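Notes for the one structure printed next.
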There are 2 protein chains.
Amino acid sequence: MKDTAERPYHHGDLRHAIIETTMEMLTEDGNWQFTLREVARRAGVSHAAPYRHFPDKTALLAEIALIGFDRLQNALRAVQAKSDRDLTSEFFAMAEAYLRFGRANPALYRLMFGGELAPAGDLHLNPRALGAFEIVIDLLERGQAAGVIRKRPVRGQAAACWAQLHGLTMLSLDGLLLSEKVGDGAVEAAMETLCDGLAS
Amino acid sequence: MKDTAERPYHHGDLRHAIIETTMEMLTEDGNWQFTLREVARRAGVSHAAPYRHFPDKTALLAEIALIGFDRLQNALRAVQAKSDRDLTSEFFAMAEAYLRFGRANPALYRLMFGGELAPAGDLHLNPRALGAFEIVIDLLERGQAAGVIRKRPVRGQAAACWAQLHGLTMLSLDGLLLSEKVGDGAVEAAMETLCDGLAS
DNA sequence: ACCTGAACACCGTTCAAGT
DNA sequence: ACCTGAACACCGTTCAAGT
């Protein structure tokens, strides 16, 4: 579209390329390991080049984590949009979407909640990290209005949902919910117990 | 006690000293960061010495994680022992002990469930990692027998408890359950919801 | 049997210097 | 304005050599 199209200089947009490459490395290798020098290598630039776009390694990772929160939010919003069913099915679909996100992006999910970024620019103060939480709150509010959810402070109920989903996701990533260890269908059973606690 | 007391050679028991030093480093610095060379430095040995006792860094960390699981189990067992109260109080005391353990040892707790050890010798296949789970199962079984817990497969209920506690602990360590973000008393509210789901 | 010292191949980060 | 190359201070790991 641009008439002055001199992209082929070196990259055009190295910052974007770095983020893209980092995300690829994250998804291809479940084993969490990531070096700034390799992302530079893959992007075809010198190992010092990323420092023109990110102050340090954790700043880049914090940005990646935020993108992860955006994607999680979008995954949940997609479920919310398909509201052609009752609230209970929507609740289960939401939970399933959350768990699937974690299982599909283990390294990214771990990064989002890892804590190696806490010393950095406290990622979790960023409102983008709480978008998913608001979606759960909305669902619970509709449930209370419809009379299928127990009338309690929604934020507390949302915390229970989030903790349960986060815990299941993490334990699942750790391989701690396999049938041999914890019995068959542990995730389904746990979700059922959560539902019992929420239902009116 | 020993008549042949030639400890002051160099260390006597370097393996033990290394574990001890690692544990100290872990508890003093919440920011997860740990180098094998520094533990050697603090233990007063060369940086190659640890390799006579551990094949590599992750092997040492896996051992530390197992000790963490032992300690968690002991913390819960201490609650179990003081059974001078009803099952509901015991349940809450157990939950509180779990959360307190995580908050008191953030770096250790993160290591136990971190996943940087997964590629190593899959720590979580070790039965020591599931001791805490068995304690929860025992509590739930007594609850079902006493008629205060809903009659459902216990292992599923235990999974729900574990996931909830693990999720609350993790989110709490991440600072995601602060009042400003999620409302006041989120942990208590979440525990209440879990109870509602378990109670008969 | 246990420990040291030097060595190798890597990091993250900085900084003068290039275009 | 953006990138490179060399440099610095670190790692994890290995291995000959010391006691």
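The model shown is predicted, which means the values in this text are computed figures rather than measured ones. Just so we're on the same page: letters track the sequence lines, and every chain starts at 1.
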Is Arg152(B) paired with Asp196(A) through a side-chain N to carboxylate O contact shorter than 4.0 Å?
yes
For [X] and [N], give me the distance from atom [atom1] to atom [atom2], rounded to whole Å.
X         : N       : atom1 : atom2 : result
Glu116(A) : dG12(C) : CD    : P     : 14 Å
Arg15(A)  : dC3(D)  : CZ    : C1'   : 17 Å
Met25(B)  : dC11(D) : CE    : C1'   : 13 Å
Phe54(B)  : dT13(D) : CZ    : P     : 13 Å
Asp13(A)  : dC2(D)  : CG    : C1'   : 12 Å
Lys57(A)  : dC11(C) : NZ    : P     : 10 Å
Asp56(A)  : dC11(C) : CG    : C1'   : 14 Å
His47(B)  : dA9(D)  : NE2   : P     : 17 Å

Please pick, from dG12(C), dC15(D), dG12(D), the nucleotide with the shortest atom-to-atom distance to any side-chain atom of Arg52(B).
dC15(D)
Of the listed nucleotides dT4(C), dT13(D), dT4(D), the one nearest the side chain of Ala48(A)
dT4(D)
Reading DNA chain D 5' to 3', what string of ( ), [ ], | and . shows its pairs, if Watson-Crick and G-U wobble pairs count only when both distances fall under 3.5 Å?
||.|||||...|||||.||
By side chain to side chain donor-acceptor pair (under 3.5 Å), Asn105(A) pairs with (sequence neighbours left out) none
What residues form a side chain to side chain donor-acceptor pair (under 3.5 Å) with Glu20(A), not counting sequence neighbours?
none
Tell me whether the side-chain N/O atoms of His53(B) come closer than 4.0 Å to OP1 or OP2 in dC3(C).
yes
With the threshold set at under 4.0 Å for non-hydrogen atoms, list the residues of residues 34-41 of chain B touching DNA chain C in residue-number order.
Arg37(B)
With under 30° as parallel and over 60° as perpendicular, where do the rings of His166(A) and Phe113(A) fit, or are they tilted in between?
tilted
Angle between ring planes, Tyr109(A) versus Tyr98(A), binned at 30° and 60°: parallel, tilted or perpendicular?
perpendicular
Would one find more than 12 heavy atoms of other residues, nucleotides or ligands at under 6.0 Å from atom NZ of Lys82(A)?
no
Determine whether Arg42(A) and Glu24(A) satisfy the following criterion, salt bridge (charged side-chain N to carboxylate O under 4.0 Å, His left out), listing intermediate values before the conclusion.
CA-CA 10 Å; Arg42(A) 293 211 198 184; Glu24(A) 277 170 29; 5.1 Å; no
Sorted by first residue and then second, give each salt bridge (charged side-chain N to carboxylate O under 4.0 Å, His left out) pair with at least one member in residues 43-65 of chain A; sequence neighbours left out.
Arg15(A)-Glu63(A)
Contact list for residues 125-136 of chain A, test side chain to side chain donor-acceptor pair (under 3.5 Å), sequence neighbours left out
Asp70(A)-Arg128(A)
